[in-house]
Novice: 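This is the structure I want to talk about, given as structure tokens.
Atom set for the values below is all heavy atoms of this structure, side chains included, hydrogens, waters and symmetry mates excluded.
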Amino acid sequence: MADYARECGLSVSEGDILTCKAQYQGGVSDETLDVCREFSDPSKMREWWTCDDVAANMTGAE
């Protein structure tokens, strides 16, 4: 998601990435892991999310 966010002109720091990883470490269902694996490629994310969707996700906005 960080790569796609950068393509969208959003700022993603290494600290942001580490924080995100820490939030999900050890507490993610197998189903969530499968979805993350499937859509971790920016080309796949582009099929489902617009840059506005990514920005909203990153800021917690709906």
Side-chain angles (χ1 to χ4, degrees):
M1 182 175 285
D3 290 339
Y4 184 37
R6 289 181 182 122
E7 288 178 21
C8 291
L10 301 167
S11 176
V12 181
S13 71
E14 288 303 312
D16 294 331
I17 294 169
L18 291 174
T19 298
C20 183
K21 285 181 178 181
Q23 287 175 336
Y24 288 99
Q25 188 174 26
V28 180
S29 69
D30 288 341
E31 181 180 345
T32 298
L33 284 174
D34 289 343
V35 170
C36 288
R37 285 183 193 109
E38 183 177 352
F39 292 101
S40 64
D41 182 326
S43 64
K44 294 238 184 214
M45 289 193 72
R46 278 187 222 100
E47 293 177 24
W48 293 95
W49 288 36
T50 66
C51 286
D52 289 340
D53 293 332
V54 174
N57 180 271
M58 290 179 66
T59 62
E62 292 187 25

Novice: Kindly indicate, with the supporting measurements, whether the criterion side-chain hydrogen bond (donor to acceptor under 3.5 Å, both in side chains) is fulfilled by T50 and D53.
Specialist: CA-CA 5 Å; T50 66; D53 293 332; 3.3 Å; yes
Novice: Consider only side-chain heavy atoms of I, L, V, M, F, W and Y, link residues closer than 4.5 Å, and tell whether L18 and V12 are in one cluster.
Specialist: no
Novice: Looking at every non-hydrogen atom in both residues, tell me the closest pair between V54 and A5 and how far apart they are.
Specialist: CG1-CB, 3.8 Å
Novice: Supply the atom-to-atom distance Y4 OH to L10 CG, rounded to the nearest 0.5 angstrom.
Specialist: 9.5 Å
Novice: Determine whether more than 12 heavy atoms belonging to other residues, nucleotides or ligands lie under 6.0 Å from atom CG of D30.
Specialist: no
Novice: Minimum heavy-atom separation for D16 to S11, with atom names?
Specialist: OD2-O, 4.0 Å
Novice: Mind checking the SG-CE spacing from C20 to M1? Nearest 0.5 Å is all I need.
Specialist: 8.0 Å
